[in-house]
Trainee: 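The structure that follows is given in the form of C-alpha cells.
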2 protein chains.
Amino acid sequence: MPVTSGVKNRTRQAILDAAIGLLADNPACSLGDIAAAAQVGRTTLHRYFAERADLMSAVAVEGGQRLVRAARLAELDRGTGGEALLRLCREYFDLGPLLSLIFSEQAGECWEEQDEGSLVAVIERGHRDGSIDPVLPSDWVLSVLWSQLYAAWAYLGERPESSRHHVLDLLTRTLSHSFGPRTPTATEPVRGEAGRGEAGRDR
Amino acid sequence: MPVTSGVKNRTRQAILDAAIGLLADNPACSLGDIAAAAQVGRTTLHRYFAERADLMSAVAVEGGQRLVRAARLAELDRGTGGEALLRLCREYFDLGPLLSLIFSEQAGECWEEQDEGSLVAVIERGHRDGSIDPVLPSDWVLSVLWSQLYAAWAYLGERPESSRHHVLDLLTRTLSHSFGPRTPTATEPVRGEAGRGEAGRDR
DNA sequence: TCGTAGTGGAACACAACTGTTCCATGACGG
DNA sequence: CCGTCATGGAACAGTTGTGTTCCACTACGA
C-alpha cells in the first residue's frame with residue numbers, strides 16, 4: 001500500500017495531536033474546536049475520520065502506540081522492579097496531555113491491553129526482589145502510579161514557575177516511597193508496624 | 001425565612017444527590033438524566049434550579065459543605081500533622097462519588113476556598129513536627145493526597161470484590177509512605193478513638 | 001496547459017439538550 | 001368540599017453539535 005502521500009500523513013497527525021490536546025482538557029469538546037486547533041477545516045477532519053467515534057478510536061490507537069514506545073524506552077528488563085517502574089514513570093511523564101486523557105479514560109478503554117500484562121510482570125518482579133512492598137497488590141500499585149503521574153502533570157500545568165525537572169523529582173520521590181517497603185537509605189526495621197499486626201486485614 | 005416546607009427540602013436534596021452521582025461519572029450528562037435519577041420530572045428540576053449553571057453552583061456549595069464537615073470530623077488539630085492528614089483522608093474517602101467530581105474540577109472551582117488554607121496549615125505543622133517530609137511542598141502533598149484519594153475510590157468502584165476497608169487500608173499505607181520521611185509507625189491511628197495519649201510522637 | 005490531489009467554505013437536515021409555558025393531577029389541611 | 005402546594009407531562013422554540021453534499025480554490029506534476 002502506498003504510504004498515503006506524506007501530506008495526508010501530516011494532516012492526519014495534526015488532527016490527532018490537536019484532538020489529544022483538546023480532549024485532555026475537555027473530553028466533550030466539539031469536532032469544530034478540534035479542527036480549528038489543528039488548523040484544518042471541519043470538512044477535512046470529517047474526510048479523515050468520518051464519525052466522532054472514528055476519531056476517538058484513532059486517538060486511542062495513537063495513545064496506545066505512544067505508551068508502548070515509552071515502555072520500550074524504559075527498558076523494563078533492567079534493574080530491580082522498582083527501578084524499572086520509576087524509569088517507566090519518567091518516560092510516561094513525557095507523554096504530556098496524553099496522561100490526562102488516559103487517566104480520565106474517556107476515549108477508548110483498551111489503552112493498555114498487552115501493556116497491562118507486562119507492567120504487572122514488572123511489579124511482581126519488584127515484589128520478589130524486595131524493591132516493591134509485597135503487601136501492595138499489583139493493580140493497586142498501577143493505580144497509584146497513574147494517579148500520581150496525572151497529579152504531577154496537572155501540578156506542572158498549574159504552576160508555570162516550577163520546572164519540569166523539579167516536578168519529576170517530586171514525583172519519583174513520593175512514588176518510590178509509596179511502593180518501597182523502605183527503599184530510601186534503609187531507615188531500619190519497619191516490620192514492627194505496631195497496632196496493625198493482629199487486625200485481620202486483607203480478606 | 002421559613003425552612004421551605006420540608007418536602008421541598010427533600011426534593012432539592014434528592015436532585016443534588018442524583019446530580020453528584022451522575023456528574024461524577026459523566027460531567028456532561030443531561031439535566032433529563034439527572035431528573036430521572038432523582039425520580040423527579042424535568043419540570044420540577046427546573047423549578048428548583050432555573051438554569052444548568054444554578055444546579056452546578058448548588059452542587060459546588062453542597063460539596064463544599066460536605067468537605068468542611070469531613071474536615072471537622074477529622075479533628076485536624078489533634079496529633080501530628082501527618083496523623084491529622086491521614087484522618088482527614090479517611091473522612092474524605094467517605095465522600096464517595098463527590099471525590100470524582102471534586103477531582104475532575106468540572107463543576108465550580110471554589111471547592112476548597114477556606115479549606116485550602118487550613119489544610120496547608122496542617123501540612124506545614126507536619127513539616128515542623130517531622131511527620132511530613134519537609135522537602136515536599138504543601139501543594140504537592142495536597143495534589144498527591146487528592147489524586148490517590150480519587151484513585152482509591154475508582155479502584156473500589158472497579159473491584160466490587162475488594163472491601164471498602166481493604167482499599168482504605170492500602171490508601172493510608174501508600175499515602176503515609178509518600179509523605180513521611182521516616183515515619184514507619186505513622187499508620188497507627190487506625191482505631192481513632194482509643195490510644196489518644198500516644199500522639200506525642202513529634203520531636 | 002491541463003488534470004488531479006488536497007483542501008476549505010457554505011449550506012442543509014438531523015438529533016440532542018435547554019429553557020419555557022401551559023395544563024392536569026394527587027395530597028393535604030381547614 | 002375547596003384551595004393551595006408540589007408535582008409531572010406535553011408541547012414549543014432556540015441553540016449547538018453532527019454528518020453530509022456540493023462547489024470553489026490552490027499547488028503540483030505530466
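Note: hydrogens, waters and symmetry copies are ignored here, and every other heavy atom, side chains too, is used. Everything quoted here is computed from the prediction, not taken from an experiment. Lettering follows sequence order; numbering is per chain, from 1.
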Trainee: What is the distance, rounded to the nearest whole Å, between atom CD1 of B:I15 and atom C1' of D:dA6?
Mentor: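 Nearest whole value for this atom pair: 12 Å.
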Trainee: Testing the 3.5 Å rule here: is there a donor-acceptor pair between the side chains of A:T174 and A:Q148?
Mentor: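 Present: a donor and an acceptor within the cut-off.
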Trainee: With sequence neighbours left out, which residue pairs that include part of residues 116-144 of chain B fulfil the ring pair (Phe, Tyr, Trp, His ring centres under 6.0 Å) condition?
Mentor: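 As it turns out, the ring pair (Phe, Tyr, Trp, His ring centres under 6.0 Å) pairs with a partner in residues 116-144 of chain B, which skip direct neighbours, are A:Y155-B:W140.
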Trainee: Considering residues at least two apart in sequence or located in another chain, which fulfil the ring pair (Phe, Tyr, Trp, His ring centres under 6.0 Å) criterion with B:Y150?
Mentor: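 Counting only residues at least two positions away or on another chain, B:Y150 forms a ring pair (Phe, Tyr, Trp, His ring centres under 6.0 Å) with A:F103, B:F103.
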Trainee: Whole-Å distance between C:dG8 C1' and A:I34 CD1?
Mentor: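 Distance, rounded to whole Å: 18 Å.
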Trainee: Separation of B:R10 atom CZ from D:dC5 atom C1', in whole Å?
Mentor: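 Atom-to-atom, B:R10 to D:dC5, this comes out as 14 Å.
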Trainee: How would nucleotides 17-30 of chain C be written as a contact map, 5' to 3', with B for base contact, S for sugar-phosphate-only contact and - for no contact, using protein heavy atoms under 4.0 Å?
Mentor: SBBB----------
Trainee: Listed by chain and number, what are the ring pair (Phe, Tyr, Trp, His ring centres under 6.0 Å) partners of A:F93, not counting sequence neighbours?
Mentor: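 With sequence neighbours excluded, A:F93 shows a ring pair (Phe, Tyr, Trp, His ring centres under 6.0 Å) to no residue whatsoever.
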Trainee: Please list, chain by chain and in numerical order, all residues satisfying side-chain contact (heavy atoms from CB on, under 4.5 Å) with B:A28, sequence neighbours excluded.
Mentor: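 Per chain and number, B:A28 pairs via side-chain contact (heavy atoms from CB on, under 4.5 Å) with A:A28, B:N26.
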Trainee: Over how many whole Å does the gap from B:L45 atom CG to D:dG9 atom C1' extend?
Mentor: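 One finds 15 Å between C1' of D:dG9 and CG of B:L45, rounded.
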Trainee: How many Å lie between CG on A:D54 and C1' on D:dT20, as a whole number?
Mentor: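 A:D54 atom CG is separated from D:dT20 atom C1' by 14 Å.
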Trainee: Not counting sequence neighbours, which residues clear ring pair (Phe, Tyr, Trp, His ring centres under 6.0 Å) with A:W153? List them please.
Mentor: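 Listed in chain order: nothing, the list is empty.
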Trainee: Looking at B:Y48, I'd like to know whether one of its side-chain N or O atoms comes within less than 4.0 Å of OP1 or OP2 on D:dT7.
Mentor: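 Answer yes for this pair, as a side-chain N or O of B:Y48 is under 4.0 Å from OP1 or OP2.
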Trainee: Is any side-chain N or O of A:T11 closer than 4.0 Å to OP1 or OP2 of C:dT7?
Mentor: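 Yes, such a contact exists.
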Trainee: Would you say A:K8 places a side-chain N or O within less than 4.0 Å of OP1 or OP2 belonging to C:dG6?
Mentor: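 Checking A:K8 against C:dG6: at least one side-chain N or O falls below 4.0 Å of OP1 or OP2.
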